[in-house]
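Step one of this worksheet: look at the structure below.
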Amino acid sequence: MAFIFPEGQRFDCGSCTKCCRGAWNIHVDPASYEQVHGSGLYQKLEKAYGQPPMYMDEPEPGQKTALTLMHEGGCVFLDKDRLCSIHKFLGAKAKPLGCRQFPFVLRPTPDGTVVGVSFFCSAVQHNSGRPLPEHVEELEGLAKEYRHAGVGFRPISLYGDLTISWQSYKILEDMATSCLSIDDLRLGLWRVMVGTALSVGCLLRNGTTTPLASALQPTVSDEDLDRRLRAMPAVFVARDDVFESMERMFLIGIVGALESKNPEICKKNTEAIFYRGVVDSETFRCEIELKHFDDFRTRFDASWSTPHWKRYIDHLVFRKFLGLGRTVMANASALYMALPLLEFYRDLFAFVQNKLQPDLQDVYLAYDVVERGFTTHSRGMDPFFFEMADAFVNQVQQILKLQEMAS
Ligand code: SF4
């Protein structure tokens, strides 16, 4: 199956070891477990740390998975020379597949395998190294070895029980790409949500007996979308105050969930973010006083970040973020929230470091938080996105009804 590469993206590992210190659990596939478990290296580390360097976890009943032990925020196999000791002593092929494929995110589709990358990787963030198509040999090996989760081989969930075909999904994705091509990224993201909600609204009103692709086609064609957008009350198309408040509330909830996995601390943090109090932050591993944060944010213009955010958001759409896991409508909501979240963390990193204003390093640090905790592993945040999706679809349906009554 052919690979589909994103335009302009480069990568070559700079051995910064950030991915080995990502404060995430590293899954070990059975083949790697077999090679490492019981090796001399395994026994040596077990003795040194007083516990096995790999252990079994059961995140869901009956779903056993092996993980590597983390020590001081890093993988226990990372040695004092900042090298992977599995690679060093047992060979590159003995490493867990997740480590070997990072930062690639392979996504099989009916049109070919989409080659995405993780923006947690420093080389990806800096866009440094060879163009991705030059990694084709390595990618072919990875694609053969592992069955990656695909998109489009089965109907894709759009909203509630509604599903769409791969063809309809591609129409929606084209609509999203065209919405995101305008200079105002926030408005572009808003239009992605409006466009997706319009598709849902039209499908719901047309009934599910209409062939989905043809029902969706007129809904999201540029011309029709434009016409419908123009026919809508300006305040809705321009994001009204109610939505601004809703966005702020969702942002507070998402940051609260990101800053602690402990439900009690998460609750306290959410309140502290709301009232701009003191947050017990997992990201910064310390308490942060937010009293002067809003004041700090008014003192600079960081619009220079927009091309960086755009590169990331375009890449998320390219790597099929809209069609994965949740419904397309819920994913459009998550995509929309990625922007305020990136801006929040860019500014928070600068604030905590007592800078006068954020710089490029803070953009990269914001990518780290958002890519790791929000776009790749957004555990516990789905209710936010589904609620936002419901609010949107309900509003669009009301407007479609009004339009019908008026015509
Ligand atoms: S984060 Fe990227 S550049 Fe750094 S070690 Fe991992 S793959 Fe290499």
Side-chain angles (χ1 to χ4, degrees), residues 3 5-6 8-29 32 36 41 53-54 67-107 113-143 145-146 148 282-283 285 308-309 311-312 314-316 318-319 321 342 345-346 349 360-377:
F3 288 117
F5 292 100
Q9 183 61 52
R10 294 170 169 270
F11 164 72
D12 262 322
C13 178
S15 305
C16 69
T17 73
K18 193 167 88 180
C19 51
C20 316
R21 296 177 283 106
W24 44 29
N25 291 321
I26 297 170
H27 288 253
V28 187
D29 55 288
S32 170
V36 180
L41 171 69
M54 285 178 176
L67 302 168
T68 67
L69 184 70
M70 301 305 269
H71 177 69
E72 291 178 355
C75 173
V76 77
F77 289 99
L78 186 66
D79 72 10
K80 59 178 176 7
D81 302 323
R82 294 162 68 88
L83 293 170
C84 170
S85 53
I86 300 181
H87 190 137
K88 200 156 136 187
F89 295 110
L90 304 172
K93 285 222 156 181
K95 285 195 292 187
L97 197 69
C99 302
R100 281 193 283 139
Q101 76 171 18
F102 190 85
F104 295 113
V105 182
L106 296 186
R107 195 66 66 209
T113 297
V114 167
V115 181
V117 281
S118 165
F119 270 60
F120 185 78
C121 166
S122 313
V124 169
Q125 291 180 352
H126 295 100
N127 205 17
S128 65
R130 287 169 293 159
L132 292 194
E134 291 188 26
H135 292 266
V136 73
E137 228 173 273
E138 184 188 341
L139 292 166
E140 271 166 358
L142 288 170
E145 251 183 286
Y146 188 67
H148 296 83
E282 273 186 16
T283 303
R285 296 189 195 168
H308 297 281
W309 305 146
R311 183 166 80 93
Y312 180 49
D314 283 349
H315 189 77
L316 287 177
F318 169 81
R319 78 180 201 209
F321 180 79
L342 285 162
Y345 274 101
R346 172 200 62 200
F349 276 104
L360 192 53
Q361 197 52 36
D362 302 311
V363 165
Y364 296 150
L365 290 166
Y367 278 152
D368 289 351
V369 176
V370 174
E371 175 73 71
R372 182 183 53 204
F374 182 72
T375 47
T376 309
H377 304 286

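One-based numbering along the sequence shown. Order of listing sets the numbers, starting from 1, for every ligand and every atom in it.
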Salt bridge (charged side-chain N to carboxylate O under 4.0 Å, His left out) partners of residues 90-107, not counting sequence neighbours, each pair once: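 For residues 90-107: Arg100-Glu145.
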Sequence neighbours excluded - salt bridge (charged side-chain N to carboxylate O under 4.0 Å, His left out) pairs with any residue from residues 114-132: Asp12-Arg130
Matching residue for Phe77 among Leu83, Leu69, Ile86, Leu90 - test: side chain to side chain contact (heavy atoms under 4.5 Å, CB included):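 Passing option: Ile86.
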By salt bridge (Lys or Arg N to Asp or Glu O under 4.0 Å) - contacts of Asp314 (at least two apart):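 So Asp314 forms a salt bridge (Lys or Arg N to Asp or Glu O under 4.0 Å) with Lys310.
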Atom 4 (Fe) of ligand 1: protein N, O or S atoms [distance under 2.8 Å]: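 Listed by chain and number, the atoms are Cys16 SG.
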salt_bridge(Arg319, Glu371) N-O dist < 4.0 Å: yes
Ring geometry between Phe119 and Tyr312 (parallel below 30°, tilted from 30 to 60°, perpendicular above 60°):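 Plane angle between 30° and 60°, so tilted.
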Minimum non-hydrogen distance to atom 7 (S) of ligand 1, winning option of Phe120, Phe102, Phe104: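 Selected option, by shortest heavy-atom distance: Phe102.
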